[in-house]
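Comments concern the structure below.
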Amino acid sequence: MKLKDRIVLITGGASGIGRIMGEIALKKGASALVIWDINQENIDATIGELKAFGKVAGYRVDVSNYDTVAESYAQVKSEVGDVDILINCAGIITSNKTFDLCSAEEMDRTIKVNTLAPMYVARQVLPDMIARNSGHICNIASAGGMLPNPKMSIYSASKWAAVGWSDSVRIELKEMKSQVRVTTICPYFITTGMFDGVKSKVFPLLKPQEVAERIIRAIEGNKKMLMLMKWIPQPHHFIRLLQVLPMNVFDWLMSDVLGIYHAMDNFTGRKK
Ligand SMILES: NC(=O)c1ccc[n+]([C@@H]2O[C@H](COP(=O)([O-])OP(=O)(O)OC[C@H]3O[C@@H](n4cnc5c(N)ncnc54)[C@H](O)[C@@H]3O)[C@@H](O)[C@H]2O)c1
């Protein structure tokens with residue numbers, strides 16, 4: 001779906017790739033950008049920066065709370081209008097601990113923000129889109145949602161679930177013969193700060209601007225699934241192909257050859 005004259009809602013839109021996608025949306029002529037984020041300071045700063053490019057509305061919303069999401073969606077409908085494009089981008093990583101050391105709080109919070117929140121928001125927006133037979137939902141998952149990855153097992157689980165849910169909804173809509181589209185995005189590590197400290201032996205870390213631009217192009221081109229990794233044109237086909245290998249060979253490739261299984265060893269995450 002093209003962005004011109006559309007109302008675009010971006011969760012996690014006050015930082016990282018969400019913020020950049022908001023800027024691109026306005027520059028492409030979106031009629032309004034709606035930012036939902038938990039960080040009020042970043043919302044204010046983002047509105048300050050982006051208002052020169054078009055209409056921006058920011059709401060402090062904890063997307064992991066279903067009731068808050070429902071109330072905020074009603075508010076957006078009455079104050080801004082019907083959402084044409086939803087980009088579920090809010091996400092968290094809590095640590096690089098091995099699973100035996102992770103707390104229940106980390107498990108709950110990660111699954112709530114990365115897995116349940118995109119469902120909560122889509123559950124509000126989708127019935128209206130289906131009724132209008134128009135709309136686009138883009139879910140930002142992760143390459144960690146297609147590959148196992150040590151020291152981020154809960155994050156990986158949350159994104160695998162997000163990929164399975166997102167692509168299933170796409171198929172439901174297709175079977176309904178609806179014009180509403182779903183795009184699932186699985187980027188490799190990006191230098192936004194969220195994964196500070198991560199080292200990648202072979203594949204370069206991705207730049208936020210290029211990732212944001214490719215996601216917007218994927219929405220405009222109604223792409224179903226986009227995995228983003230430098231040098232490999234269709235990484236999700238490549239990964240699926242590699243998964244026919246015996247598991248020990250696959251693990252050796254990911255660990256010793258590509259170093260992906262050790263990327264989290266020096267993770268620090270964004271400093272507050
Ligand atoms: N950075 C990477 O290497 C990378 C790689 C693959 C996928 N991703 C995914 O891309 C998305 C964006 O990541 P980013 O790198 O731009 O990160 P970021 O930390 O810069 O942005 C995430 C945003 O989500 C917001 N957020 C967190 N919890 C929230 C909540 N409960 N309610 C509302 N907003 C909340 C944060 O305040 C922040 O503004 C995430 O879903 C992330 O998992 C990131």
Side-chain angles (χ1 to χ4, degrees), residues 9-24 34-47 58-69 72-73 86-94 96 105-106 108-121 138-147 149 152 154-163 166 183-200 203-212 214-215 218 226-230 235-236 260 263-264 267-272:
L9 165 60
I10 307 182
T11 74
S15 174
I17 57 170
R19 201 210 69 82
I20 302 171
M21 289 191 288
E23 181 173 336
I24 298 172
V34 180
I35 295 168
W36 281 9
D37 205 288
I38 203 163
N39 186 322
Q40 186 64 53
E41 209 181 309
N42 285 353
I43 293 173
D44 295 342
T46 306
I47 293 175
Y59 298 80
R60 187 180 180 280
V61 181
D62 177 357
V63 288
S64 67
N65 182 311
Y66 188 83
D67 292 340
T68 309
V69 165
S72 305
Y73 179 61
L86 161 66
I87 307 181
N88 273 314
C89 189
I92 55 164
I93 171 97
T94 54
N96 66 341
E105 189 274 334
E106 280 180 272
D108 287 354
R109 196 151 52 92
T110 307
I111 297 292
K112 272 191 178 153
V113 178
N114 294 355
T115 314
L116 292 177
M119 297 184 192
Y120 292 167
V121 185
C138 175
N139 298 305
I140 314 299
S142 168
M146 300 201 111
L147 289 166
N149 215 329
M152 53 189 280
I154 303 171
Y155 180 85
S156 194
S158 73
K159 295 293 189 177
W160 277 69
V163 171
S166 177
T183 301
T184 308
I185 308 283
C186 296
Y188 192 59
F189 295 111
I190 317 160
T191 57
T192 55
M194 182 182 189
F195 278 93
D196 268 358
V198 156
K199 298 256 179 316
S200 183
F203 296 111
L205 306 184
L206 301 169
K207 299 216 166 55
Q209 184 71 35
E210 64 176 323
V211 171
R214 289 204 52 196
I215 296 172
L226 178 67
M227 187 173 177
L228 290 165
M229 250 172 147
K230 266 263 156 62
H236 69 281
I260 293 175
M264 289 293 281
F267 167 89
T268 55
R270 185 183 277 115
K271 306 274 181 305
K272 290 263 175 325

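Since this is a predicted model, take the numbers as computed values, not measurements. Note that these values count all heavy atoms, side chains included, but never hydrogens, waters or copies made by symmetry. Numbering of ligands and ligand atoms starts at 1, following listing order.
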With heavy-atom distances below 4.0 Å as the criterion, list the atoms of ligand 1 near [X].
X      : answer
Gly16  : 16 (O), 20 (O)
Ile92  : 27 (C), 28 (N)
Ala90  : 24 (O), 26 (N), 34 (N), 35 (C), 41 (O)
Asp62  : 30 (C), 31 (N), 32 (N)
Tyr188 : 5 (C), 6 (C)
Val113 : 28 (N), 31 (N)

*Under the 3.5 angstrom rule, does the side chain of Thr115 hit a backbone N or O of Ser158 as a donor-acceptor pair?*
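The answer is yes, because a donor-acceptor pair under 3.5 Å joins these two groups.
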*Are the side chain of Trp160 and the backbone N or O of Tyr155 linked by a donor-acceptor pair below 3.5 Å?*
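Answer holds: no.
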*For ligand 1, is there an atom lying under 4.0 Å from some heavy atom of Val61?*
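Yes, that is the case, since the closest heavy atom of the residue is under 4.0 Å from the ligand.
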*Does Cys89 have a non-hydrogen atom less than 4.0 Å from ligand 1?*
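Yes, Cys89 has heavy atoms under 4.0 Å from ligand 1.
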Pick whichever of [options] has a heavy atom sitting closest to [atom].
atom                    : options                : value
atom 13 (O) of ligand 1 : Lys159, Met227, Met194 : Met194
atom 32 (N) of ligand 1 : Asp196, Val63, Thr68   : Val63
atom 38 (C) of ligand 1 : Thr192, Asp37, Ile140  : Asp37

With backbone taken as N, CA, C and O and side chain as the heavy atoms from C-beta onward, which portion of [X] lies under 4.0 Å from ligand 1: side chain, backbone, both, or neither?
X      : value
Ala141 : backbone
Ile190 : both
Arg270 : side chain

Hey, what do you get for [atom1] ([X]) to [atom2] ([Y]), rounding to the nearest 0.5 Å?
X      : Y      : atom1 : atom2 : value
Glu105 : Thr94  : CD    : OG1   : 7.5 Å
Leu147 : His236 : CG    : NE2   : 12.5 Å
Glu106 : Ile92  : CD    : CD1   : 9.0 Å
Met21  : Ile87  : CE    : CD1   : 4.5 Å
Met229 : Met146 : CE    : CE    : 11.0 Å

Give the residue and atom name of whichever protein heavy atom lies nearest to [atom], and the separation in Å to one decimal.
atom                    : result
atom 20 (O) of ligand 1 : Ser15 OG, 2.6 Å
atom 6 (C) of ligand 1  : Pro187 O, 3.2 Å
atom 29 (C) of ligand 1 : Ile38 CG2, 3.8 Å
atom 22 (C) of ligand 1 : Gly91 O, 3.9 Å
atom 16 (O) of ligand 1 : Ile17 N, 2.9 Å
atom 8 (N) of ligand 1  : Tyr155 OH, 3.6 Å

*Hey, mind stepping through Ser15 and Arg270 against side chain to side chain contact (heavy atoms under 4.5 Å, CB included) and telling me if it holds?*
CA-CA 12 Å; Ser15 174; Arg270 185 183 277 115; 3.7 Å; yes
*Test side chain to side chain contact (heavy atoms under 4.5 Å, CB included) on Val34 and Tyr59 and set out the steps.*
CA-CA 8 Å; Val34 180; Tyr59 298 80; 3.8 Å; yes
Show me the side-chain donor-acceptor pairs of residues 187-196 shorter than 3.5 Å, one per line, residues at least two apart or across chains.
residue : atom : partner : partner atom : Å
Tyr188  : OH   : Ser200  : OG           : 2.6
Thr191  : OG1  : Leu206  : O            : 3.4
Thr192  : OG1  : Met194  : N            : 3.4

*So which of Val163, Asn139, Ile215 actually passes side-chain contact (heavy atoms from CB on, under 4.5 Å) with Ile185?*
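The passing option is Ile215.
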*Taking 4.0 angstrom as the limit, do Arg19 and Glu23 come out as a salt bridge?*
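Yes, this pair counts.
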